[in-house]
Amino acid sequence: MSEFIPQASCADPEDKNRLSIDAARQRIASLISPLRAWQRCAIRDTLDRILHEDIISPLNVPAHNNSAMDGYAIRSSDMLDDSFSLKQVGVAFAGQPFQATVNQGECIRIMTGAVVPDQCDTIVMQEQVAATDNTITIHGKHPKGNHVRYIGEDLKTGDVVLRAGRRIIPADLGLMASLGIAEVNVSRKLRVAFFSTGDELKSIGEPLITGQIYDSNRYTLYGMLKRLDVDVLDMGVVPDQKEQLRHTLLQAAQQADVIITSGGVSVGDADYVKEMLAELGKVDFWKIAMRPGRPLAFGQINNALFFGLPGNPVSVMVTFYQFVTPALRKLMGETEPNAITFQVSCIDAIRKRPGRFEYQRAILFKDDDGITKVKTTGGQGSGILHSMSTANCFILLDEQCDGAAANTLVTVQPFSGLI
Ligand code: AMP
Ligand code: MG
């Protein structure tokens, strides 16, 4: 009879061979270098893509001194008294400059966006002017330069407007258009293959028998990957069988830059992912000092990066956001800083034991006095997927933290920006 040897399992809080989240992130980052491939795209097709070149302004913006108001363009040297009159000698519209000279004692009517004639340096709003036929009278003081938008005030020719490594947002599309730029280089899209592992998993549309569950991880993974604007390759559900796992992993490695699986990375009797990976590639299994989401596999199969996420639905999401997202961003050349965190008062007491970094699901809200606070979503089990739907942030609790009293400050990481 063979001797029973207890194994370190995911439920073992005393396991010492575990990595801190920072160490795990650093190891992943050190093993990834950005893909060097890019493509040239019309700017509308670059939304959410990663810029692969610095964008240099070919123009001054604005290109001319122009008026910020509807009113009158005047020469400040004419403002000798608190009340003075000027002869109106013309009109400038946006796109239709006044072509002649504005002499001493003269002014022009000017519309917002119209070029300010060289001789004028100040705009007086029309509301502050009494106009009769071709003469206007102005009262009061009007600082020199008032309501003039100066040439190059926003951008000067040669300025770096957007840096390589930036994820392009709607404002950037407008900015590039304002510079007359039609096409730019963006990193090529990543191709990410993913599948779920588990004999108990059924795809939606199939009837369930006792003990079976619907596969949700492929759907959350799909959503999270789409938000990162990668091309996805859904390889379905793979049962806990070595041959099928081997076949699917090899197929995925042929077609994708990155492979992501969920389930089967723990120490259960049907957790074969580990064995297959040892055979097919260079993959490390890590126990990470975090909750949820302790086991994580990371490595390479042929030319593809591999992430083996845990099976529990919340663990999948937390490990994806905390490890896979920064890794994919680096791979696609993105250089933006990580998601922001800040401190806010939590109205609930938080229970936690020291030893693991925790990502608790929580809701940022405004209380009756309009003050932003946070509350937890309640049960924090790693299978409670609806906690991720209800939540709008994580509460981040350090490894050493042993809980928090109600109404004390906690660190939160809002989902917007993260996801
Ligand atoms: P495992 O890591 O394979 O032991 O799975 C841990 C837990 O997550 C088990 O309760 C599984 O049934 C569940 N699980 C694994 N994969 C999925 C999935 N794709 N969708 C929903 N639940 C899953
Ligand atoms: Mg499983």
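Remember, it's 1-based here, ligands and their atoms both numbered in the order they're listed.
Remark: Q212 CD to D199 CG distance equals 9.5 Å, nearest 0.5 Å. Note that the OG1 atom of T261 and the CG atom of L245 stand 8.5 Å from one another [nearest 0.5 Å]. Distance check, rounded to the nearest 0.5 Å: CD1 of I28 to CG of L31 gives 8.5 Å.
Protein heavy atom closest to atom 10 (O) of ligand 1, with residue, atom name and distance, is N312 OD1, 4.2 Å. What sits closest to atom 23 (C) of ligand 1 on the protein, heavy atoms only, is G311 O, 3.5 Å. Nearest protein heavy-atom neighbour of atom 16 (N) of ligand 1: N217 ND2, 3.4 Å. For atom 21 (C) of ligand 1, the closest non-hydrogen atom on the protein side is S216 OG, 3.4 Å. For atom 19 (N) of ligand 1, the nearest non-hydrogen atom of the protein is D215 OD1, 2.7 Å. Counting protein heavy atoms only, atom 4 (O) of ligand 1 is closest to D271 OD1, 4.3 Å. For atom 11 (C) of ligand 1, the closest non-hydrogen atom of the protein is E200 OE2, 3.1 Å.
Checking only distances, P310 never comes within under 3.5 Å of ligand 1, N or O to N or O. Close N/O approach between R218 and ligand 1 is not found [any backbone or side-chain N/O within under 3.5 Å].
Atoms of ligand 1 found under 4.0 Å from any heavy atom of G263 (numbered from 1 in listed order, with element): 2 (O), 3 (O).
Remark: the backbone N or O of N185 is paired with a side-chain donor or acceptor of E53 at under 3.5 angstrom. Using modelled atom types, no side-chain atom of T341 and backbone atom of Q413 make a donor-acceptor pair closer than 3.5 Å.
The number of heavy-atom neighbours closer than 6.0 Å to CZ of R167, taken from other residues, nucleotides and ligands shown, is above 12. When the shell of 6.0 Å around CZ of R40 is examined, it contains more than 12 heavy atoms from other residues, nucleotides or ligands. In this structure, Y150 places its OH atom where more than 12 heavy-atom neighbours from other residues, nucleotides or ligands lie under 6.0 Å away.
Remark: R25 qualifies as a cation-pi partner of F323 under the 6.0 Å distance and 45° angle criteria applied to the six-membered ring.
If you look at L201 next to ligand 1, the close heavy atoms, those under 4.0 Å, all belong to the side chain. Only the side chain of I213 comes within 4.0 Å of ligand 1, judged by heavy-atom distances. The side chain of S196, and not its backbone, has at least one atom closer than 4.0 Å to an atom of ligand 1 (non-hydrogen atoms only; side chain from C-beta on).
At least one heavy atom of G264 sits closer than 4.0 Å to an atom of ligand 1.
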